[in-house]
Amino acid sequence: MIDALEALIELLYADADLNAVVSGRIAPRHKFGDGWPIPCQALQVQYDGGDAELYVEWQRPRIEFRCYGATYVEAGAVYRALVAVCRKTRRRVVETSVGAGLIYWVNLISGPSFLQEPDVSKVMMTLVYGELAVAESRLGFD
């Protein structure tokens with residue numbers, strides 16, 4: 001079984017436009033004070049529930065995206081770059097540490113909320129939820 005979150009993060013790392021905004025700062029937990037400067041533009045991506053598929057090689061988790069910046073304008077720029085990735089992602093194969101995953105889509109399923117990161121007072125955040133559809137295969141994809 002592949003890790004759908006790892007597949008999504010690999011997809012996000014591969015997007016040049018997003019990385020131009022966040023400088024490669026994409027992780028399942030924020031790293032402010034542990035490698036990421038405070039403040040900076042970054043993207044946190046983590047699981048937030050979703051549908052369980054126990055008998056097929058298909059996953060549809062709900063995802064929480066936290067788009068960070070020094071200001072709401074900077075956090076909004078990360079959000080807009082994320083929206084662009086979601087709009088252009090259709091049937092993309094990504095490599096994970098345990099095999100290939102086929103990402104069918106990444107859809108945002110909520111509007112953005114502008115908040116302050118509770119752990120780091122100098123960091124603004126745009127919070128949005130999404131859904132990921134990814135298939136896995138031991139045989140690979142052609």
Side-chain angles (χ1 to χ4, degrees), residues 1-54 56-138 140-142:
M1 177 173 165
I2 68 165
D3 183 341
L5 188 62
E6 179 188 2
L8 175 59
I9 290 172
E10 289 300 321
L11 175 82
L12 296 171
Y13 273 134
D15 189 83
D17 295 330
L18 175 62
N19 276 284
V21 176
V22 298
S23 301
R25 291 184 289 263
I26 303 168
R29 294 279 182 229
H30 78 68
K31 298 179 183 180
F32 293 112
D34 186 28
W36 291 358
I38 300 171
C40 69
Q41 288 175 289
L43 179 62
Q44 178 181 318
V45 183
Q46 62 185 1
Y47 287 121
D48 189 57
D51 296 330
E53 295 286 355
L54 302 176
V56 295
E57 294 178 344
W58 161 269
Q59 299 176 51
R60 285 191 36 217
R62 181 176 151 115
I63 304 294
E64 178 185 277
F65 295 97
R66 292 181 178 219
C67 306
Y68 295 117
T71 65
Y72 289 122
V73 172
E74 285 188 4
V78 177
Y79 168 70
R80 288 188 304 279
L82 173 63
V83 168
V85 172
C86 293
R87 287 180 177 169
K88 65 185 173 186
T89 299
R90 297 291 179 264
R91 297 186 55 86
R92 294 269 312 272
V93 175
V94 295
E95 291 297 324
T96 72
S97 59
V98 295
L102 175 61
I103 295 179
Y104 285 96
W105 68 78
V106 183
N107 291 329
L108 298 181
I109 57 173
S110 76
S113 297
F114 292 111
L115 305 166
Q116 184 173 356
E117 169 55 46
D119 296 336
V120 186
S121 63
K122 295 181 182 179
V123 177
M124 300 300 122
M125 171 179 58
T126 300
L127 176 66
V128 66
Y129 293 93
E131 130 181 298
L132 170 67
V134 60
E136 55 191 74
S137 173
R138 290 179 296 278
F141 301 99
D142 296 324

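Remember, it's a predicted structure, so these values are computed and weren't measured experimentally.
- In this structure, Lys31 and Cys40 have side chains that are not in contact, with every pair of non-hydrogen atoms separated by 4.5 Å or more.
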Carefully, step by step, assess Ile103 and Val94 under the rule side chain to side chain contact (heavy atoms under 4.5 Å, CB included). CA-CA 7 Å; Ile103 295 179; Val94 295; 4.0 Å; yes
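- Here the straight-line distance linking atom CD1 of Ile9 with atom OG1 of Thr96 works out to 11.5 Å at 0.5 Å rounding.
- Side chain of Thr126 to backbone of Pro112: no donor-acceptor contact under 3.5 angstrom is found.
- Between Ile26 atom CD1 and Gln44 atom CD the span is 12.0 Å, to the nearest 0.5 Å.
- In plain terms, the two heavy atoms of Val134 and Ala4 that are nearest each other are CG1-CB, 3.5 Å.
- Shown here for Leu18 and Ala81, the closest heavy-atom pair between the two residues is CD1-CB, 3.7 Å.
- The structure places OG1 of Thr71 at 7.5 Å from CD of Gln41, a figure rounded to the nearest 0.5 Å.
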Please assess Val45 against Leu5 for the test side chain to side chain contact (heavy atoms under 4.5 Å, CB included), listing each intermediate value before the final yes or no. CA-CA 8 Å; Val45 183; Leu5 188 62; 3.6 Å; yes
Run Leu43 and Phe65 through side chain to side chain contact (heavy atoms under 4.5 Å, CB included) and show every step you take. CA-CA 7 Å; Leu43 179 62; Phe65 295 97; 4.3 Å; yes
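- Across every non-hydrogen atom of Arg91 and Tyr104, the tightest pair is NH1-CE2, 2.9 Å.
- Here the shortest heavy-atom pairing between Ala100 and Glu95 reads CB-OE2, 3.7 Å.
- Closest approach of Ala133 and Trp58 over heavy atoms only: CB-CH2, 3.8 Å.
- In this structure the side chain of Arg60 reaches within 4.5 angstrom of the side chain of Glu131, judged on heavy atoms.
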Between Val106 and Leu82, does the side chain to side chain contact (heavy atoms under 4.5 Å, CB included) criterion hold? Intermediate values first, please. CA-CA 10 Å; Val106 183; Leu82 173 63; 5.7 Å; no
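- Between His30 and Phe32, the ring-plane angle classifies as tilted under the 30° and 60° cut-offs.
- Looking at every heavy atom in both residues, Arg29 comes nearest to Trp36 through O-CH2, 4.3 Å.
- Separation of atoms SG (Cys67) and OH (Tyr79) is listed at 8.0 Å; rounding is to 0.5 Å.
- Atom CD of Glu117 sits about 5.0 Å away from atom CE of Met125, to the nearest 0.5 Å.
- Distance alone, capped at 3.5 Å, is enough to place a donor-acceptor pair between the Gln59 side chain and the Ile2 backbone.
- Taken to the nearest 0.5 Å, the CG atom of Leu132 stands 9.5 Å off from the OG1 atom of Thr89.
- With respect to Asp17 and Lys88, a salt bridge is recorded, a charged nitrogen being found less than 4.0 Å from a carboxylate O.
- Inter-residue side-chain proximity for Arg66 and Leu115 is flagged as unmet; no heavy-atom pair is nearer than 4.5 Å.
- When side chains are defined from C-beta on, Leu8 does not count as touching Tyr47, because their heavy atoms never get closer than 4.5 Å.
- Side-chain atoms of Gln116 come within 3.5 Å of backbone N or O of Ser121 as a donor-acceptor pair.
- In this structure, Val21 and Arg80 have side chains that are not in contact, with every pair of non-hydrogen atoms separated by 4.5 Å or more.
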